[in-house]
Amino acid sequence: MRLSRENTLWLAPTALLALALVVLSPFERFMARGLVGPPLEALLFLAALGAAALHRPTGHSSLGFATLLLPAAYLRLGVVAAALVATLASLGAEAARRALEKRRQAPLPERRGAVRVVAQASLAGLAALAGGAVWIALGQDGGAVGADGALARAALACAAGALLPEVLFEITTRRALRAEGAREIVVALAPLAADLPGWAAGALAVAVARTAGWTLAAAWLAVATLLVLEAARQEVAASANARRLAESERLSRAGAALAAGTPALEQIALSIRGECRGILPFAWFQLELAVPDLGRRSFAAAEGGDLYEGEPQPPPLPPALPGIHRREPWLVLERALEADGEALGTVRLWCDPRRVEARAVPLFDSLLPSMAASVRGALLDRQARVDRLTGAATRRAFEQRLVESFAACREHGRELALVVADLDHFKRINDTFGHPAGDRALRAVARVLVGPSRGREMCARWGGEEFVLLLEDTSGETALEIAERLRRRIEAGELELEGERVHLSMSFGVAAFPELSARTPEELMALADAALYAAKRLGRNLALLDLGRGRLRTGSGRLIEIDESLSPPETPVFFA
């Protein structure tokens, strides 16, 4: 338990109420019929005020329509007693409201701690005192019938006086604690207008009492209170129904979003985190996956932070909340993701138990099948799109991407480059050291080729020892520079096979659109493949860019003229 610095401001209404009661108690006009008035009448007003205060059409915890009982309470109990009754009624209404909402499983408008609840009740008492002071100042504390319209004007003035403490407190707290601007403050003050109809109804009850007696006025107040109580019941029931509909819609939307998520593991983690956030509040998130060719992968994020690959690092205890509270340990929700008996991963949420509603955990559990299905779909899609040996994209995935990219670049006039690469003397490695050694060589060069493939780039294993790179928004010259840089990195490396150090090398062929007049993606691929064929014929370990008309450029900038005998017979010839 601790008292935060902000609570000094929240305790101010309670201190002001106590001071005002001490100062006003000696004045007979404020006391009327004793400190608490006639006990039976005080209890009846307490019950009626508490029942009427349950109705919160705007979500604000002020007295609202319960103000209809204050003018009568001023006359029957006295202003001081009415303020005490209003304070206790506000506390009782808050407790009853929470019990009803918990039973109906309706959402709380906000999670107020003990200090804030007492502050709101004290504000209700201050509002009753301020209204009562205006009531006395205008001479309405007598029982005689006043002039026409005097009671109505008095009720309006009392309403303004009663709103003053709450308005000042709202402005002070929102400026000091939240640094809100004028517009936000005006929007926050708007719900306080719900108190005004209550003052009008209360003035009507006093008018009835002064002309027809308190029996008829009491009946009118009882009927009005019952109507407000019924409105409160309907309000809580409507909130519960809205909550259930919102939960159903949110779960449906979450399942659909997870089912339609993109196949990237990071995107699946982002999607699951977003849908979990819609179900319950959490401070830390972790999704741990078992990826067949990569092993364990963990994605984590703090509340409001970016997703990253790694382990979460939550603090030992949840952060402090405003108000008097107890620091409780994290509520760690750990759930396994399984599909058809296959363990796919684990999702963990670190939650502050003070912020988690009881119904949120079952809702979270009901989302687990959708999470598991989305993860399984992503892993299966990854298996279809990623070559398990090298980690590069599969030929099928590359062909689909190439068709889409070529169509987009042709429509919008953008550049597109293809780089075809082939590992030199791969058959010799297999024949000399065996196929496992050949697989190691392929993985080694793939680590170099796949490394820069991010965003608008893509690297795929085309077949055997051949790879292909797609570079969007890239000119032929830039693609040649990239190919030459990759060639040098592969040449600089070496692989130890059976105790022998083997130097690897690759040949590259580059073709770019619209520098070459390729009409289809297949034609652009054929031109890049022809440049690779020329690099092989010219000695391997070479990167060549097709400039058109039989001209090629090496990575060092040297121009090479070739004839048709250096090109494969099936390769079409195009002119730039």
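Here, residue 1 is the first one in the sequence, and each next residue gets the next number.
Pro329 and Leu317 make their closest contact through CA-CD2, 3.9 Å (heavy atoms, listed as atom of the first residue, atom of the second, distance). Listed here is the closest heavy atom pair of Leu333 and Cys351: CD1-SG, 4.1 Å. Between Arg354 and Pro319, the closest heavy-atom pair is NH2-O, 2.9 Å. Taking every heavy atom of both residues into account, Pro353 and Pro318 meet most closely at CD-CG, 4.4 Å. Annotation for Glu477 and Leu547: closest pair OE2-CD2, 4.4 Å, computed over non-hydrogen atoms. Between Ala531 and Gly509 the shortest heavy-atom distance is CB-CA, 3.7 Å.
No side-chain N or O of Ser507 forms a donor-acceptor pair with one of Asp422 less than 3.5 Å apart.
When the ring pair (Phe, Tyr, Trp, His ring centres under 6.0 Å) test is applied to Trp284, no partner is found at least two apart in sequence or on another chain. Residues passing the ring pair (Phe, Tyr, Trp, His ring centres under 6.0 Å) test with Phe508, sequence neighbours excluded: none. Not counting sequence neighbours, Ala407 has no partner by the side chain to side chain contact (heavy atoms under 4.5 Å, CB included) test. Not counting sequence neighbours, the partners of Arg443 by the side chain to side chain contact (heavy atoms under 4.5 Å, CB included) test are Leu389, Asp439, Arg440, Arg447. Legend: residues meeting side chain to side chain contact (heavy atoms under 4.5 Å, CB included) with Glu311, ordered by chain and number and at least two apart, are Gln286, Arg296, Ser298.
With values rounded to the nearest 0.5 angstrom, Asn541 atom CG is found 9.5 Å from Lys536 atom NZ. Distance check, rounded to the nearest 0.5 Å: CZ of Phe299 to CD1 of Ile272 gives 10.5 Å. Rounded to the nearest 0.5 Å, atoms CG (Leu545) and CZ (Arg551) are 10.0 Å apart. Annotation: the span from Leu538 atom CG to Leu552 atom CG amounts to 7.5 Å, rounded to 0.5 Å. To the nearest 0.5 Å, atoms CG (Leu527) and CG (Leu532) are separated by 12.5 Å. Within the model, atoms CG of Leu516 and CG of Leu416 stand 11.0 Å from one another, a figure rounded to the nearest 0.5 Å.
Considering only heavy atoms from C-beta on, Phe364 comes within 4.5 Å of Val347 through its side chain. Contact annotation: the side chain of Leu504 never approaches that of Asp424 to less than 4.5 Å [non-hydrogen atoms, C-beta and beyond]. For the pair Glu303/Arg277, a side-chain contact is recorded, criterion being any heavy-atom separation below 4.5 Å from C-beta on. Taking 4.5 Å as the limit, every side-chain heavy atom of Val448 sits out of range of all side-chain heavy atoms of Met506. In this structure, the side chains of Leu402 and Leu418 come closer than 4.5 Å at one or more pairs of heavy atoms. For the pair Leu469 and Leu486, the minimum side-chain heavy-atom distance is below 4.5 Å. At least one side-chain heavy atom of Asp365 sits less than 4.5 Å from a side-chain heavy atom of Arg335. Met525 places a side-chain heavy atom less than 4.5 Å from the side chain of Val468.
Using a cut-off of 4.0 Å between Lys/Arg side-chain N and Asp/Glu carboxylate O, Arg487 and Glu484 are scored as salt-bridged.
By the neighbour-count criterion of 12 heavy atoms within 6.0 Å, atom CZ of Arg488 is sparsely surrounded, having that number or fewer from other residues, nucleotides or ligands. Around atom CZ of Arg428, no more than 12 heavy atoms belonging to other residues, nucleotides or ligands sit under 6.0 Å away.
Screening residues 499-509 for salt bridge (Lys or Arg N to Asp or Glu O under 4.0 Å) gives Glu494-Arg501 as the qualifying pairs, with residues at least two apart or on separate chains.
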### Message
What verdict does the side chain to side chain contact (heavy atoms under 4.5 Å, CB included) test give for Thr390 and Val450, after you've listed the backbone C-alpha separation in whole Å, the side-chain angles of each residue and the deciding distance to 0.1 Å?
### Response
CA-CA 9 Å; Thr390 63; Val450 176; 5.9 Å; no
### Message
Does Leu423 form a side chain to side chain contact (heavy atoms under 4.5 Å, CB included) with Phe467? I'd like the steps, not just the answer.
### Response
CA-CA 8 Å; Leu423 180 60; Phe467 295 82; 5.7 Å; no
### Message
Apply side chain to side chain contact (heavy atoms under 4.5 Å, CB included) to residues Asn430 and His435 and explain how you reach the verdict.
### Response
CA-CA 5 Å; Asn430 277 336; His435 289 285; 3.7 Å; yes
#### Entry: Residues Leu544, Val510; criterion side chain to side chain contact (heavy atoms under 4.5 Å, CB included); working and verdict
CA-CA 6 Å; Leu544 293 178; Val510 183; over 6 Å; no
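The aromatic rings of Phe406 and Phe513 lie tilted to each other, with the angle between the two planes from 30° to 60°.
Partner Glu399 forms a side-chain hydrogen bond (donor to acceptor under 3.5 Å, both in side chains) with one of Arg401, Arg395, Arg396 and no other, that one being Arg395.
A donor-acceptor distance shorter than 3.5 angstrom exists from the side chain of Glu523 to the backbone of Arg519, with no hydrogens or angles considered. A donor-acceptor pair under 3.5 Å links the side-chain atoms of Thr474 to the main chain of Glu472, judged by distance alone.
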